[in-house]
Amino acid sequence: MRWSQTFIPTMKEIPSDAEVPSHQLMLRAGFIRQLMAGAYTYLPLGVRALKKAEAIVRQEMDATGALEVLMPALQPIDLFDRTGRKEAFGNVLINFNVRRGDRNVHLALGPTHEEVVTDLMSRHISSHRQMPLTVYQIQTKFRNEERPRFGILRTSEFLMKDAYSFHSSLESLNDVYQKMYRAYCRIFARCGLDYLPVEAESGPIGGDASHEFMIPAANGEDRIVFCKKTNYAANLERAETGRKAAAIVTSGDARPVAKLHTPNVGSIETVCKLLKCKPEKMVKTLIFLADDKPVAVLLRGDHEANEGKIRRALSVSRLEMADPATILEVTGAAVGFAGPVGIKCPIFADHDVPFVVNAITGANEGDYHLANVNVGRDYVLETTFDLRNAAAGDPSPRGDGTLELVHGIEVGHVFKLGTKYSVAMDAMFDDETENRQPIIMGCYGIGVNRILAGLAETRHDEQGLIWPLSIAPYEVIVSVIGANETETLTAADAFYGELMSAGVDVLLDDRDLRPGVKFKDADLIGIPLRVNFGGKGLKEGVVELKWRTSPDSERIPVTDALKSVLDQLARRRQSDAASLPSR
RNA sequence: CGGGAUGUAGCUCAGCUUGGCUAGAGCGCCUGGUUUGGGACCAGGAAGUCGCAGGUUCGAAUCCUGUCAUCCCGACCA
């Protein structure tokens, strides 16, 4: 493609409403433009990069034996009523009525396709002999995100690869799950991403096992913990802390309880400021309604509650923060002064709580706190639970190691769904013994746009984007220096033709601009290999090859230029391929 | 949905506090010229319902009310 013939609107300045690097750079480099919050147009460069990511996903999916299909984005709302996900998605599910003749038809725009694909397969599959079977599609999904943000990291319309597998046995599901897991590793590696597979919550989608594929990045919306030594990695939502229930004994250093006047000071932060203590010397008491019954959850002051863990520890299905009236009822005080001593509801404590000696807690009396509160003497615990988010510095749950905490961008997610959807939608098959069984399912998603966002977020410098060869919209840019000289332009044009004939994705910067402008633009859009063609070099019979990642350029006789570019590209592809995980 | 910020030319922003000349600058764009290896220089030019609606006033980009949009934090989120 000739630059003069395409549409690459680069910008020198950073648009004021872009904050994260991927958003700023993709705007400046002319990959995307915003239509509204959470909706972006992909310009020619953006589309080319997106298509390359798509092609890699497609190749690796095909290699697993998954079959490509294309399902409608428009879906009848009844499907979501049948699985209960109309309610689960709530406002996130975009749905509306349209008129057809004298009828109203209630439709949804697919946020994902479990319902549609289960409906499809329930009509097709009747025997165990027809499975395993895996289908996938690459298609636009719609979600009315409450708060779209960070440019293309979270949008209300996005390109997703979603795959669904169907099985007659758990062994078969596990087998395909492993295949998909390995395919995902290859996909993200081929895309040049530093990915981290982590144990994950399966969320409202249901099922009993799942992994997320994360790109560690400062602006990621998820938090993940990992331990290099023990190889443990998990989403913070589900990460174990590596702590265990220990014997509960009153410390020998226990001092007498003291009552402190703390007027209008209810939060951990303000109490610490007033009493000049550290949050880890406090025990905070959170009042929840667990299946509508009030319970107190004790945590060390610097720890965060994990509602999923609390729900599981208490074996309840519904858990919510208690309202002020309930808090007043069980503590006798307003919000902010709850404590374990004398509270009128069951107490559940995190593993770390008994180790806080001479703790500061709420006094269950407005404007008062207690100091020197100790387990055993002042309140009683039978055992402790894992109720909190893991934190940096916690021991690894997989042996001798320490957890680190980083932010991550979720680019992929694999689930073992089990029979949630097949039961809800009556998708059954006959097994070997002619027993009717619900089909066992798995599902596997990749956010294709997020591959680009993740790359832009993690691979850039002060000059601009740095695409890997596999995703770059063009592999090579030929920057013509002195494009106003007919001879130079003709020669560059011939060179560009040869590269194209050799199958290279090449962009010819034929614009009649000063060299500095062209170099800045080439760096900004992040093309891996640049050939400086013309100017001083050509008079001496050489062109210059410069990799985006290298500070120096290499001078090559113009007669060897084609061979050299092809050789270097081949070598780079080879070294990229060498480090890929096997299928 | 709660909190905060912003909206003036294609982009970045000034002007608003204390209402008053014809609403400005840089970049970009157009014309001409000089330049040509890391975002050149000179001269001339085009481009704006000051987000929108209402109000106060002799007079509103500026003050008031409402509204819309965007961004950030939180809640929520496969």
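Side chains included, hydrogens not; waters and symmetry mates left out as well; all remaining heavy atoms used. Below, read A as the first sequence line, B as the second, and so on, with proteins coming before strands; counting in each chain starts at 1.
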message = Quick check: on RNA chain B, is the nucleotide nearest A:Glu410 upstream (toward 5') of the one nearest A:Leu524, or the reverse? Name the residue that is more 5'.
response =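 Closer to the 5' end of RNA chain B: A:Leu524.
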
In whole angstrom, give me the gap between the [atom1] atoms of [N] and [M].
N	M	atom1	answer
B:rC27	B:rC42	P	9 Å
B:rU62	B:rU17	C1'	10 Å
B:rG32	B:rC73	P	48 Å
B:rC50	B:rA23	C1'	8 Å
B:rG7	B:rC16	P	13 Å
B:rG48	B:rA61	C1'	11 Å
B:rU8	B:rG4	C1'	22 Å
B:rA14	B:rG54	P	28 Å

Identify whether any heavy atom of [X] sits under 4.0 Å from a base atom; if not, whether one sits that close to sugar-phosphate; answer base, sugar-phosphate or nothing.
X	value
A:Arg33	nothing
A:Gly90	nothing
A:Gly534	base
A:Asp162	nothing
A:Met36	sugar-phosphate
A:Asp523	base
A:Gly445	nothing
A:Arg450	nothing

[X] side-chain N/O to [Y] backbone N/O, donor-acceptor pair under 3.5 Å:
X	Y	result
A:Thr83	A:Ala424	no
A:Glu145	A:Arg147	no
A:Thr64	A:Met61	yes
A:Arg450	A:Glu410	yes

Can you tell me how far [atom2] of [N] sits from [atom1] of [X], to the nearest Å?
X	N	atom1	atom2	value
A:Lys546	B:rG37	NZ	P	18 Å
A:Phe519	B:rG39	CZ	C1'	12 Å
A:Asn532	B:rG37	CG	P	12 Å
A:Glu485	B:rU36	CD	C1'	9 Å
A:Glu237	B:rC77	CD	P	9 Å
A:Asp512	B:rU36	CG	C1'	9 Å
A:Asn144	B:rA78	CG	C1'	15 Å
A:Leu236	B:rC77	CG	P	15 Å

query = Going by the angle between their ring planes, with limits at 30° and 60°, are A:Tyr181 and A:Tyr177 parallel, tilted or perpendicular?
reply =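 A:Tyr181 and A:Tyr177: tilted rings.
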
message = Can you classify the ring geometry of A:His23 versus A:Tyr40 as parallel (below 30°), tilted (30 to 60°) or perpendicular (above 60°)?
response =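 Rings of A:His23 and A:Tyr40: perpendicular, as their planes differ by over 60°.
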
ask   = Can you find a side chain N or O atom of A:Ser16 that sits less than 4.0 Å from OP1 or OP2 on B:rU12?
value =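 Answer yes for this pair, as a side-chain N or O of A:Ser16 is under 4.0 Å from OP1 or OP2.
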
query = B:rA69 phosphate, OP1 or OP2: any side-chain N/O from A:Gln34 under 4.0 angstrom?
reply =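 So the side chain of A:Gln34 is outside the cut-off, no N or O lying under 4.0 Å from OP1 or OP2 of B:rA69.
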
Among [options], find the nucleotide with the atom closest to the side chain of [X].
X	options	answer
A:Lys536	B:rG37, B:rU70, B:rA78	B:rG37
A:Arg514	B:rG37, B:rG39, B:rU36	B:rU36
A:Pro515	B:rG37, B:rG38, B:rG39	B:rG37

Salt-bridged, [X] to [Y], with N to O below 4.0 Å?
X	Y	value
A:Glu157	A:Arg143	no
A:Glu60	A:Arg186	yes
A:Glu304	A:Lys284	no

inquiry  = Take N1-N3 plus N6-O4 or O6-N4 for Watson-Crick, N1-O2 plus O6-N3 for G-U, both under 3.5 Å. Which runs of 3 or more such pairs involve RNA chain B?
reply    =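 Stems for RNA chain B, defined as runs of 3 or more consecutive pairs: B:1-7 with B:68-74, B:10-13 with B:24-27, B:29-34 with B:40-45, B:51-55 with B:63-67.
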
Quick test: give all pairs of protein nitrogen or oxygen and nucleotides 26-34 of chain B nitrogen or oxygen below 3.5 Å, distance rounded to 0.1 Å.
unit_1 : atom_1 : unit_2  : atom_2 : d
B:rG26 : N2     : A:Glu13 : OE2    : 2.8

Using a cut-off of 6.0 Å, state whether more than 12 heavy atoms not belonging to [X] lie near its atom [atom1].
X	atom1	result
A:Asp194	CG	no
A:Glu87	CD	no
A:Glu540	CD	yes

Hey, what are the protein-to-nucleotides 72-76 of chain B N/O distances that come in under 3.5 Å?
unit_1 : atom_1 : unit_2   : atom_2 : d
B:rC72 : OP1    : A:Phe150 : N      : 3.4
B:rC73 : OP2    : A:Arg147 : NH2    : 2.4
B:rG74 : N7     : A:Arg147 : NH1    : 3.3
B:rC76 : N4     : A:Arg149 : NH2    : 3.1

key: Of A:Tyr184, A:Tyr444, A:Tyr136, the residue whose pairing with A:Lys161 passes side-chain hydrogen bond (donor to acceptor under 3.5 Å, both in side chains)   =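 So, applying the side-chain hydrogen bond (donor to acceptor under 3.5 Å, both in side chains) to A:Lys161 and each of A:Tyr184, A:Tyr444, A:Tyr136, only A:Tyr184 qualifies.
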
inquiry  = Checking side-chain hydrogen bond (donor to acceptor under 3.5 Å, both in side chains) between A:Asp162 and each of A:Gln139, A:Lys141, A:His413, which is the one that passes?
reply    =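 Single pass found, and it is A:Lys141.
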
